[in-house]
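First up is the structure itself, then whatever we jot down about it.
Because the structure is a prediction, the values reported are computed rather than measured. Just follow the structure's listing: the first ligand is 1, and inside any ligand the first atom is 1.
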Amino acid sequence: MQSSYNFWLVTISFAVATLASYTALDLTGRIFLLASARLRRVWRLGGAASLGCGIWSMHFIAMLAFSLPIPLGYDLATTAASLGLAIGASYLALCVTTRERLTVGRLLAGGVLMGLGIAGMHYTGMAALQMAPGIRYRPGWFAGSLAIAIGASTAALWMARALSNDDARHVVRKRVAAALVMGVAISGMHYAGMAAADFLPGAICGAAQGVNATWLATSVILLTFAVLIVTLMLSRFDARNALLTGAVSRLNGQIVRLATLDTLTGLPNRSTLTERIERAILGARRQRTLFAILFMDLDGFKTINDSLGHSAGDQVLTAFAQRLLQCVRETDTVARLGGDEFVVLAENLGSREHAGALAEGVLERMRVGVSIDSQPLQVMPSIGIALYPHDGDTVEALLKHADAAMYEAKRAGRSTYRFFERRMNEAATRTLQIQNALHDALAAGHFSLHFQPKFEGSGNSLAGAEALIRLHHPQLGTLTPLEFIPIAERSGQIVQIGYWVVRETCRQIRQWVSQGLPSMKVAINLSPRQLLQPNLVASMLEIVNAEGVACEQIMFEITETVAMQDAPKTIEMIREFQASGFEIAIDDFGTGYSSLAYLQRFRVKQLKIDRFFTNGLDAHGPEGSAIVSAIIALAHSLEMDVVAEGVETESQLHMLKTMRCDEMQGFLLGKPLNADDFGNLLRDRMVAA
Ligand code: C2E
Ligand code: MG
Ligand code: MG
């Protein structure tokens with residue numbers, strides 16, 4: 001029997017298939033996002049109903065597009081059964097694509113079942129025609145339609161899954177393309193199925209008295225579009241809601257994490273640590289047990305941060321945190337307080353020695369260096385230990401005392417640990433007081449300079465002076481640089497203080513000159529932190545120029561230990577200073593471990609022998625003088641002048657003279673004087689001359 005198709009209805013059937021596919025893809029993305037299992041189930045059921053309707057009406061509209069030269073109709077019950085099959089197959093499809101894990105096996109099984117479902121729907125729908133004699137199917141086309149149904153379903157399931165991420169790029173565009181492909185496949189299956197059908201000549205349609213075809217076509221088309229579009233809109237709306245809910249709950253998690261954990265290392269932060277210590281105190285009080293707070297801070301971390309950059313600094317902190325976690329028991333808390341400060345809370349300790357062993361373990365572990373930016377680094381902590389209940393019974397007291405013990409460990413030469421002792425409290429309090437005193441010392445004008453004269457080797461004529469800073473505090477009295485410079489160094493305030501020293505020195509030099517006094521070379525001390533300033537030389541030059549003093553009037557002193565820390569960089573810095581006309585001296589020589597090769601390459605003007613060696617001239621007899629004369633000979637061979645620091649006795653002076661020391665500095669010859677007294681000294685010298 002000759003059949004024909006209505007072109008418009010075929011087009012609409014394809015549009016319905018595509019829209020149904022798009023809805024399915026969108027729903028998959030949607031259901032995937034839902035956190036609640038109950039909601040997922042509801043959406044799967046609702047989605048399956050709408051998707052099933054879509055697929056079924058595609059088939060049904062296509063059936064209506066089909067006509068035979070005899071009147072056609074559809075049996076209602078069989079048609080309803082075919083709709084049921086479409087919905088069932090859709091439910092199956094949504095179950096497969098919205099599972100947490102989709103294996104290849106599950107995908108294939110889903111594809112086969114869904115394909116069979118759709119084919120079942122199609123052929124059941126055909127049966128609703130109730131043809132007599134029955135339709136004969138051509139085996140080739142029939143098998144082809146099954147293959148298309150299964151292949152298209154599998155591909156559809158895979159695509160739905162792959163495009164389930166709502167946040168992916170161009171997801172709408174990709175879903176439209178995928179929906180078109182699926183639309184073609186579903187329609188392809190249908191029309192292959194139709195091509196398989198052979199309507200025998202003389203056959204009649206047993207359901208021809210059923211429902212009116214045109215009326216049916218219009219209502220099915222309208223209803224299907226309405227169902228699909230409403231589903232799609234609901235899905236979109238709900239997706240946005242879910243996305244928002246998801247975002248809010250993610251944000252909530254982040255806020256909680258921010259409030260309790262340190263962002264860089266992921267370790268508990270100060271507030272979490274405080275809580276845990278509070279809990280530890282309650283527990284230890286009840287069970288009469290002992291716990292320890294290990295307070296640690298990385299030695300020289302500021303130098304690493306300043307010289308290698310913050311990202312290297314962050315890597316060092318993260319690596320340290322990781323390794324610290326490996327040193328402690330699982331029940332211990334490792335927290336980061338900020339900066340390079342870490343705390344370990346070790347509960348249920350058997351004895352004080354256990355805490356010591358823990359600290360030793362940490363030091364041992366850290367001795368194995370790390371590699372940061374392919375640069376080997378050894379980052380050691382100094383550790384202070386406070387024990388509950390002996391060293392305090394509040395969080396504040398325990399942390400403060402562990403911190404004080406940590407400072408003591410630093411003073412004891414770093415990379416070691418100390419238990420808290422009562423006397424450390426005073427030192428810690430003093431440090432705190434000095435920190436506060438430094439805070440506004442510059443603005444309040446609490447600093448002053450003293451000048452200590454330096455003499456020629458003969459011990460008679462003035463060779464220059466060294467500027468030495470003092471801090472006068474209304475409550476604390478006058479502080480020596482040995483006390484406050486290390487603290488200013490830690491806080492970074494030393495940089496501004498250093499600039500002040502240069503400015504003040506220049507001002508003083510100008511004042512002496514304006515009083516008709518002889519001009520004199522003044523040495524200024526530089527500390528490590530200053531040397532790390534990238535524009536140090538330029539800044540110094542600017543200050544000296546602004547004050548109208550010649551650079552040749554100023555000499556900068558760098559201690560040997562600092563100069564050797566990064567010798568190549570020191571050489572660069574020295575050259576830069578020298579190019580501007582400043583002279584350089586190596587201070588406190590003998591206390592560090594100089595490499596002679598570098599000492600030669602420094603090519604500085606002066607070498608200042610540390611007070612310890614000058615003192616050794618008396619205290620260590622021939623051995624002491626052998627060392628000093630060797631240093632002098634070495635310096636001379638490298639064309640450097642030698643200055644002996646801390647000359648306190650006539651015998652030292654005498655020996656240094658015979659060793660041909662170039663300059664002397666010390667209490668015997670002249671103590672550090674304030675600017676006015678130093679001016680008087682200059683005046684007396686002039687008169688004497
Ligand atoms: P330094 O540069 O080695 O300065 C010499 C120190 O030895 C001074 O101590 C001086 O008062 C002291 N001294 C001099 N002659 C004798 C002596 O015969 N016997 C004894 N026992 N001591 C003597 P001061 O002023 O306390 O300075 C200590 C250190 O502080 C200085 O050592 C220097 O490294 C640092 N410093 C001083 N002023 C500044 C400054 O303006 N900036 C920086 N960055 N550091 C400074
Ligand atoms: Mg000095
Ligand atoms: Mg010195």
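If you check each of Ile494, Ile469, Val562 against atom 38 (N) of ligand 1, the one with the closest non-hydrogen atom is Ile469. Counting only non-hydrogen atoms, the option in Pro672, Pro481, Ala467 that gets closest to atom 26 (O) of ligand 1 is Pro481. When Asp587, Ile524, Ile497 are ranked by how near their heavy atoms come to atom 1 (P) of ligand 1, first place goes to Asp587.
Looking from atom 19 (N) of ligand 1 to the surrounding protein, the closest heavy atom is Glu648 OE2, 2.5 Å. The protein heavy atom nearest to atom 5 (C) of ligand 1 is Glu645 OE2, 3.9 Å. Summary of contacts: the protein heavy atom closest to atom 16 (C) of ligand 1 is Phe667 CE2, 3.3 Å. Taking atom 42 (N) of ligand 1 as the reference point, the nearest protein heavy-atom neighbour is Asn525 O, 3.4 Å.
Residue contacts with ligand 1, taken as heavy atom pairs separated by less than 4.0 Å, involve Glu466 solely via side-chain atoms from C-beta onward. Residue Arg611 touches ligand 1 through its side chain alone, judged by heavy-atom distances below 4.0 Å. In Glu504, neither the side chain nor the backbone holds a heavy atom less than 4.0 Å from any atom of ligand 1. Of all the heavy atoms of Ile485, the ones lying under 4.0 Å from any atom of ligand 1 belong exclusively to the side chain. Using a 4.0 Å cut-off between heavy atoms, Leu468 contacts ligand 1 through both its backbone and its side chain. Contacts between Glu557 and ligand 1, counted as non-hydrogen atom pairs separated by less than 4.0 Å, involve the side chain only. Looking at Gln530 against ligand 1, only its side chain comes within 4.0 Å, counting heavy atoms.
Counted by atom type alone, Gln652 and Asp618 present one or more donor-acceptor pairs between their side chains at under 3.5 Å. Residues Asn269 and Thr272 bring a donor and an acceptor atom of their side chains to less than 3.5 Å of each other. Using modelled atom types, one finds no donor on one side chain facing an acceptor on the other under 3.5 Å when comparing Asp588 with Thr559. Using modelled atom types and a 3.5 Å distance limit, the side chains of Gln530 and Ser527 yield a donor-acceptor pair. Neither side chain, Gln606 nor Glu583, offers a donor N or O lying under 3.5 Å from an acceptor on the other. Counting only N and O atoms by type, the side chains of Arg430 and Gln433 include no donor and acceptor under 3.5 Å apart.
Among Leu325, Thr265, Leu294, Leu273, the single residue meeting the side chain to side chain contact (heavy atoms under 4.5 Å, CB included) criterion with Val334 is Leu325.
Between Phe678 and Phe451, the two ring planes are tilted [angle within 30° to 60°].
Close approach of ligand 1 to Ser527 (heavy-atom distance below 4.0 Å) involves ligand atoms 44 (N). Taking every heavy atom of Arg470 and a limit of under 4.0 angstrom, the matching atoms of ligand 1 come to 25 (O). Atoms of ligand 1 lying under 4.0 Å from at least one heavy atom of Leu482, given by number and element, are 28 (C), 29 (C). Residue Val501 approaches ligand 1 through these ligand atoms, each under 4.0 Å from one of its heavy atoms: 41 (O). Taking every non-hydrogen atom of Val647 and a distance limit under 4.0 Å, the qualifying atoms of ligand 1 come out as 18 (O).
For atom 9 (O) of ligand 1, the nearest protein heavy atom is 4.0 Å or more away.
A salt bridge does not link Arg575 with Glu572: none of the charged nitrogens is closer than 4.0 Å to a carboxylate oxygen.
Between Thr480 and ligand 1, no pair of N/O atoms sits closer than 3.5 Å.
Put simply, OG on Ser448 and CG on Leu471 are 9.0 Å apart, with the number rounded to the nearest 0.5 Å.
Among protein atoms, those of element N, O or S found less than 2.8 Å away from the Mg ion (ligand 2) are Glu466 OE2, Asn525 OD1, Glu557 OE1, Asp587 OD2.
Proximity of Gln452 to ligand 1 is established by a heavy-atom distance of less than 4.0 Å.
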